[in-house]
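Read the numbers this way: they start at 1 and go in the same order the structure lists the ligands and their atoms. Every value quoted in this text rests on a predicted model; they were computed, and no experiment measured them. Residues: numbered from 1 along the sequence shown.
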Amino acid sequence: MTLRIRPDLDSLPAYVPGKAFPGALKLASNEVTEPPLPAVLEAITAAAAGVNRYPDNGAVALTEALAQKLGVTTAEIQTGDGSVTLCQNLITITSGPGDEVLFGWRSFETYPLATRVAGATPVQVPLTDDAVFDLDAMAAAVTDRTRLVFVCNPNNPTGTVVTTEALRAFLRRLPSDLIVALDEAYIEYVRPDAAHAVDALALRREFPNLVVLRTFSKAYGLAGLRVGYAVADPEVVAALSKVHVPFSVNSLAQAAAIAALGAQEQLLARTDAVAEERARVSAALRELGYPVSDSQANFVWLPLGEDAAAFAAAATESGLVLRPFAGEGVRVTITVPAENDAFLAFARAWKS
Ligand SMILES: *Cc1c(COP(=O)(O)O)cnc(C)c1O
């Protein structure tokens, strides 16, 4: 049967969920291994007793807690059910058919997909040879149809970061009315040297067209509850709030996010361990002869080219679920030492 569904959607791939199976070690989605802290679980349980009521559509308490933590006003914050939805909503408020959404590639798969769902045109600028966002080439690719730019920093799946100098030069070069979304889903894992210490909130005060996207899914360990936020100019927040799906940030997510902010120190302390493990795993992989990009996130990227799919398939056989990008590379989440060791054992065996 052919129903009246937009024919342009035929060219979009259907979502293929990450394969996981009983007993498998899942290193495919950049989640944390640890379950929620007791205080977070308590907040979720308490909120569960009230789910006969709709959630607070304005997420007032969460927005106030975020504003206080970040030193911004509540008018500069928009929450969403995951920052992936905020990416989508930024596209919705800026772009339609004939418009261009610009980003580096390879990067987060939501950018091209959500762009095409909006009927707009994705413009993908290749990363540099070091797998870093090529901001010069991106600035050169801006046209009068460009409506939105994504900079993923650290970049998913390569883990690489841009320098503050390159980012500031980029922002200076762009039209001041062009919205630039800085996707900082992995910011808590960055251990920058001086050149890479991007202070996004300070930059945002300098460039009102900059939007900072963050999430509770990664370092804060709430991937299953779906909550993220944008820090942006009040004009952008007002537009985002118009396309916000009512009640989409559920009450458990709001309560958990507030509790997670309260336990920030404890949660962020874990990222130190991940950063150490990332260095250890990267060094071990390089010693084994693997190419590994310089990651500042909770994953590493192995640009294995044609071997990517076979490498990930063999890993699955040995009980490890990785994230392959056929013909390009494999992304592997860095978690706790025992899990990382299981991956290293596989990587060692693959070489022999
Ligand atoms: C994981 C991730 C997000 C956030 O996802 P949500 O769970 O929707 O908050 C955003 N951007 C990138 C690049 C990511 O990898």
Side-chain angles (χ1 to χ4, degrees), residues 15 17-18 26-33 36 59 62 66 77-92 101-115 117 122 124 127 131-133 148-162 180-190 198 200 211-232 240 243-245 248-250 252-254 256-257 260-261 267 271 274 278 293 295-301 322-325 329-335:
Y15 180 72
K26 192 172 168 222
L27 302 176
S29 303
N30 304 336
E31 300 147 335
V32 298
T33 298
L62 173 57
L66 282 168
I77 293 178
Q78 175 65 49
T79 57
D81 53 333
S83 59
V84 82
T85 297
L86 291 162
C87 292
Q88 195 159 2
N89 289 353
L90 281 171
I91 293 169
T92 304
V101 178
L102 178 69
F103 44 88
W105 196 252
R106 173 160 292 271
S107 188
F108 192 34
E109 282 153 306
T110 290
Y111 308 151
L113 280 174
T115 299
V117 168
Q124 309 185 169
L127 304 180
V132 178
F133 258 56
L148 177 65
V149 179
F150 282 106
V151 176
C152 191
N153 198 58
N155 183 40
N156 176 4
T158 60
T160 49
V161 289
V162 298
V180 179
L182 186 65
D183 187 341
E184 292 198 323
Y186 301 97
I187 192 65
E188 296 86 358
Y189 294 101
V190 178
V198 171
V211 174
V212 181
L213 296 174
R214 293 191 181 157
T215 179
F216 284 93
S217 296
K218 306 287 162 45
Y220 286 88
L222 297 178
L225 277 178
R226 319 300 309 126
V227 51
Y229 60 94
V231 184
L240 283 173
V243 301
H244 177 77
V245 173
S248 52
V249 183
N250 72 71
L252 306 192
Q254 293 186 31
L261 279 179
L267 290 169
T271 64
V274 169
R278 171 177 74 209
S293 62
S295 176
Q296 288 288 320
N298 67 336
F299 52 82
V300 290
W301 170 248
L322 313 180
R323 181 70 173 86
F325 296 84
V330 178
R331 192 191 69 202
V332 186
T333 306
I334 298 294
T335 64

Interfacing atoms of ligand 1 (cut-off 4.0 Å, heavy-atom, S217): 6 (P), 7 (O), 9 (O)
Do E31 and T335 have side chains that get closer than 4.5 Å, going by heavy atoms? no
A185 neighbourhood, listing ligand 1 atoms whose heavy-atom distance to it stays under 4.0 Å: 2 (C), 3 (C), 10 (C), 11 (N), 12 (C), 14 (C)
Given 3.5 Å as the limit, does a donor-acceptor pair link the side chain of R278 with the main chain of Q296, or not? yes
Please report whether the ring centroid of F150 lies less than 6.0 Å from that of W105. no
Using a 3.5 Å distance criterion without hydrogens, assess whether the side chain of S295 forms a donor-acceptor pair with backbone atoms of V300. no
Atom 8 (O) of ligand 1: closest protein heavy atom, distance to 0.1 Å, is R226 NH2, 2.6 Å
Heavy-atom contacts under 4.0 Å between V84 and ligand 1: side chain, backbone, both, or neither? both
Within 4.0 Å of some non-hydrogen atom of Y186, the atoms of ligand 1 are 1 (C), 14 (C), 15 (O)
Heavy-atom donor-acceptor pair, N155 side chain to R106 backbone, under 3.5 Å: yes
For atom 2 (C) of ligand 1, which candidate among R214, R331, K218 holds the nearest heavy atom? K218
Within the 4.0 Å heavy-atom shell around D183, which atoms of ligand 1 are there? 10 (C), 11 (N), 12 (C), 13 (C)
Please confirm whether F299 and Y186 have ring centers closer than 6.0 angstrom. yes
Considering the heavy atoms of S83, write down every atom of ligand 1 situated less than 4.0 Å from one of them. 3 (C), 4 (C), 5 (O), 6 (P), 8 (O), 9 (O), 10 (C)
N/O separation below 3.5 Å, Y111 to ligand 1: no
Which ligand 1 atoms are under 4.0 Å away from a heavy-atom of C152? 13 (C)
Grab the two heavy atoms, one from L62 and one from A257, that are nearest each other, plus how far apart they are. CD1-CB, 3.7 Å
